[in-house]
Number of protein chains: 2
Amino acid sequence: MDAKQTPRLIDIAAKVGVHPSVVSRTLRQDPTLSIRPDTRERIEQTARQMGYRGNAQARALRGASTGAVGMVMPSLRNPVWAEIVRGVLAEAVRWNLAVLVAEVPDDRGNDEEYVRLVEEGRIDGLLLGSSEPAERSSAWPPTQVPSVHVNRAVKDAACNITMDETRAVGLFVDHLTALGHRRITLIDGPATVDTTHRRSVALQRLGEERGLEVQIVNAPYNEQGGHDAMARLLRRAAKQRPTAVGVASLNQALGALAATRTRGVAVPSDLSMICLDDDPILGFLDIQLTAVRMPLFELGEAAMQALGERLSGGNPLSREIEDPIELVGRSSTASVPVR
Amino acid sequence: MDAKQTPRLIDIAAKVGVHPSVVSRTLRQDPTLSIRPDTRERIEQTARQMGYRGNAQARALRGASTGAVGMVMPSLRNPVWAEIVRGVLAEAVRWNLAVLVAEVPDDRGNDEEYVRLVEEGRIDGLLLGSSEPAERSSAWPPTQVPSVHVNRAVKDAACNITMDETRAVGLFVDHLTALGHRRITLIDGPATVDTTHRRSVALQRLGEERGLEVQIVNAPYNEQGGHDAMARLLRRAAKQRPTAVGVASLNQALGALAATRTRGVAVPSDLSMICLDDDPILGFLDIQLTAVRMPLFELGEAAMQALGERLSGGNPLSREIEDPIELVGRSSTASVPVR
DNA sequence: CTGTTAGCGCATTCAT
DNA sequence: ATGAATGCGCTAACAG
């Protein structure tokens with residue numbers, strides 16, 4: 001009969017025989033409202049049975065919030081970001097927030113997309129997952145809405161949610177030094193990427209503290225990047241070569257592993273390898289890669305949580321999440337070869 | 001001075017000295033409006049210099065559209081969906097549409113999330129990427145807004161955008177039969193998944209047409225699923241075993257490859273393998289897997305395009321996208337072994 | 001050529 | 001304990 005698409009406040013009011021504003025205040029749990037219990041009951045019941053939701057746009061226009069947030073990251077093709085976004089989506093459901101997703105590649109100055117989201121008033125807050133330095137654009141970082149940086153420690157930013165990369169590097173180095181390795185290389189992403197930077201610093205420091213020969217190699221975050229970096233390492237004279245190599249991402253690791261194969265270098269007997277980021281795939285390779293598990297999903301959740309708190313008037317501080325970072329032992333690491 | 005956050009129509013009107021509605025009509029390119037060129041010029045210039053964008057919520061409330069669409073899929077962890085979503089995001093930018101993303105796992109009856117998006121009036125349309133049968137829930141499929149099914153042929157749906165799975169299976173079989181294979185197995189996903197179903201039908205038909213012994217094995221879309229399915233195949237007596245196996249997804253393929261290794265079955269000399277979905281990773285494995293490249297990104301683009309057209313009053317028909325599906329030859333396929 | 005009017009659906013302040 | 005009035009920012013129909 002009623003072909004009404006979506007019930008409005010006014011529809012409920014009409015049905016109950018009361019003024020719309022009363023319905024509004026009842027449903028929003030206005031504490032200053034006094035109302036007869038049975039009226040309240042009738043309103044709530046009618047709303048439920050009509051499936052009332054409330055128009056998000058009208059609320060946003062009237063009130064101060066849209067009930068939506070934006071999530072910006074470089075690329076969903078990168079499994080790391082895909083997993084982080086998953087965490088964000090999961091937590092957003094708990095906060096009753098919708099998530100607008102935009103890809104803004106690091107190499108593109110054009111951040112039109114997220115700027116639009118902000119300036120059109122579509123979102124209450126922003127989760128920023130780009131990895132490039134902060135000085136990319138005129139409108140960066142955005143000041144119109146609260147934002148939280150994800151997986152990135154931006155100086156002077158209100159809130160950065162990160163993982164303990166230092167601990168990850170620590171686990172990686174501990175594991176290798178326990179096996180006798182003292183010449184260790186880390187193949188990581190471009191030096192401009194914040195996580196890469198933090199890992200580099202951590203590794204350098206550890207190297208000095210323990211008198212290790214550490215080295216960082218920067219390479220693109222893909223198979224070819226990992227492959228070429230490893231190939232270059234293996235072209236060195238044996239004495240110059242690391243006895244163990246860490247690789248920052250899954251894709252790079254697969255490339256690097258391919259390079260050892262081509263070069264006839266046996267893993268782990270000639271060279272130990274660790275991937276700084278776990279993935280089920282690693283357990284099914286010809287050489288099963290030992291990895292450091294990073295809590296990516298949890299990072300996404302924590303970031304969304306921090307943003308939720310900010311939007312609720314809270315003031316969450318920047319923090320490294322506590323979730324476990326663990327070494328997942330497989331078969332790509334062994335004692336340092338005697339030469 | 002002006003701490004005005006976001007310029008409104010009224011701000012521009014005030015600055016130019018004209019009525020807000022004139023500004024609105026000018027900026028919206030209303031064809032019925034006649035206006036003096038210099039006034040138009042001043043309005044446009046002022047709008048540009050003030051960085052006017054227009055409030056999305058107000059527009060949505062007033063007009064009939066929100067300028068946003070929803071994208072629902074089972075999981076971003078699945079690289080297939082991640083890539084499709086990337087295509088969707090890219091095309092959405094061209095249509096000036098924001099994209100709200102929600103994960104709704106196939107095994108969960110609860111589709112609260114997207115229902116909310118619709119009923120709260122947040123979106124103009126919906127891209128539906130779930131793979132389970134249509135009869136999941138009371139509110140399914142949604143009728144309030146136009147929707148387009150992505151990678152899924154739903155009977156009687158207004159618009160399904162799919163890939164030519166038949167052609168993919170054709171390429172796969174052609175390649176193998178050219179190498180002399182006549183006993184071919186396809187390890188695919190759960191039988192309830194639509195793409196799996198279409199590939200199964202195509203393979204069965206091809207088998208009959210060409211007098212091949214074909215078989216479909218259903219397994220979960222992950223490494224373990226692929227592994228276990230392949231292990232089961234290899235436990236058979238040699239005569240019963242296929243000489244070539246296709247695997248539907250990257251993750252399953254890596255599991256399957258691991259099973260051949262454990263079992264001491266050499267690929268491709270004992271068994272040929274093809275992955276029905278290309279990925280850069282495949283070129284860096286110990287055994288480089290031949291694959292059929294599927295145009296996933298393009299699928300996402302096409303689906304978003306179809307939805308865009310529907311929202312613009314068009315009536316795009318269901319279609320299979322034309323983008324190239326190609327065999328990417330690597331080293332996991334060879335002539336059938338003589339036994 | 002441009003201004004006026006009205007109202008989208010809701011939340012809030014004030015009045016009864 | 002409830003109703004009425006107002007306006008968020010914008011667009012569309014109608015007046016001048």
Side-chain angles (χ1 to χ4, degrees), chain A residues 4-44 46-47 50-68 118-124 144, chain B residues 4-44 46-47 50-68 118-124 144:
Chain A
K4 197 121 302 153
Q5 287 285 353
T6 295
R8 297 157 305 169
L9 221 35
I10 200 181
D11 299 321
I12 301 180
K15 195 148 184 178
V16 178
V18 83
H19 196 274
S21 79
V22 179
V23 180
S24 170
R25 283 170 287 179
T26 306
L27 261 28
R28 306 237 94 201
Q29 325 244 43
D30 181 345
T32 72
L33 172 72
S34 67
I35 187 173
R36 256 189 320 196
D38 69 303
T39 314
R40 145 165 286 143
E41 183 49 44
R42 271 169 53 229
I43 292 175
E44 282 172 347
T46 311
M50 295 184 75
Y52 177 77
R53 298 252 177 196
N55 182 297
Q57 325 293 338
R59 275 213 254 267
L61 189 56
R62 178 67 238 264
S65 90
T66 65
V118 175
E119 300 199 341
E120 288 180 344
R122 284 189 189 278
I123 55 179
D124 298 331
Q144 309 220 23
Chain B
K4 196 122 303 153
Q5 286 286 354
T6 294
R8 296 157 306 167
L9 220 38
I10 201 180
D11 299 321
I12 302 180
K15 197 147 185 180
V16 178
V18 81
H19 195 275
S21 81
V22 179
V23 180
S24 170
R25 282 171 285 177
T26 307
L27 263 29
R28 306 233 95 201
Q29 326 243 45
D30 182 343
T32 72
L33 171 72
S34 66
I35 187 174
R36 258 189 321 195
D38 70 304
T39 314
R40 145 164 285 143
E41 183 50 42
R42 273 169 51 233
I43 291 176
E44 281 172 348
T46 311
M50 294 184 76
Y52 176 76
R53 297 257 176 191
N55 182 299
Q57 325 293 337
R59 275 213 254 267
L61 189 54
R62 180 67 239 264
S65 91
T66 64
V118 175
E119 301 198 341
E120 286 179 345
R122 286 190 188 277
I123 55 179
D124 298 330
Q144 309 219 23

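Basis for what follows: all heavy atoms, side chains included, without hydrogens, waters or symmetry-related copies. A, B, ... follow the sequence lines: proteins, then strands. Residue 1 opens every chain. All figures in this text were calculated on a predicted structure; none of them were measured in a lab.
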Check: With distance as the sole test, does A/Q57 use its side chain to make a donor-acceptor pair with the main-chain N or O of B/T66 at under 3.5 Å?
Finding: no
Next item on the list: Could you grab the distance from atom OG1 of A/T6 to atom CG of A/N55, nearest 0.5 Å is fine?
Entry: 8.0 Å
Check: With a 4.5 Å limit on heavy-atom distance, are the side chains of A/Y52 and A/T46 in contact?
Finding: no
Check: For A/I10, what residues pass the side chain to side chain contact (heavy atoms under 4.5 Å, CB included) criterion, not counting sequence neighbours?
Finding: A/R8, A/P20
Check: How long is the span from the OG1 atom in A/T32 to the CZ atom in A/R25, to the nearest 0.5 Å?
Finding: 7.5 Å
Note to self: Please report the interatomic distance CE(B/M50) to NZ(B/K15), rounded to the nearest 0.5 Å.
What the structure shows: 5.0 Å
Hey, what are the protein-to-nucleotides 5-9 of chain D N/O distances that come in under 3.5 Å?
residue : atom : partner : partner atom : Å
D/dG7   : N2   : A/R62   : NE           : 3.2
D/dG7   : N2   : A/R62   : NH1          : 3.4
D/dC8   : O2   : A/R62   : N            : 3.3
D/dG9   : OP2  : B/R8    : NH1          : 3.1
D/dG9   : N2   : B/A58   : O            : 3.4

Item checked: 5' to 3' contact window, DNA chain C with chain A (heavy-atom distance under 4.0 Å) -> C/dG9 to C/dC14
Check: Between the two ends of the helix from C/dC1-D/dG16 to C/dT16-D/dA1, what is the bend in degrees, rounded to 10 degrees, where each end axis spans five pairs?
Finding: 50°
Margin query: Could you tell me if the side chain of A/V16 sits less than 4.5 Å from the side chain of A/V23, heavy atoms only?
Written below: no
Notebook entry, point to check: Within a strict 4.5 Å, meaning less than it, do heavy atoms of the B/V18 and B/T26 side chains meet?
Noted result: no
Check: Is the side chain of B/R59 donor-acceptor paired with the backbone N or O of B/G67 at a distance under 3.5 Å, no angle test?
Finding: no
Check: Got a second to check how far A/I12's CD1 is from A/R42's CZ, nearest 0.5 Å?
Finding: 13.0 Å
Note to self: Under the rule for salt bridge (charged side-chain N to carboxylate O under 4.0 Å, His left out), what residues qualify as partners of B/R53, not counting sequence neighbours?
What the structure shows: A/E112, A/E119
Notebook entry, point to check: Contacts to DNA chain C from residues 25-41 of chain A, heavy-atom cutoff under 4.0 Å, which residues?
Noted result: A/R25, A/R28
Checklist line | Ionic contact status for A/R36 with A/D38, cut-off 4.0 Å | finding: yes
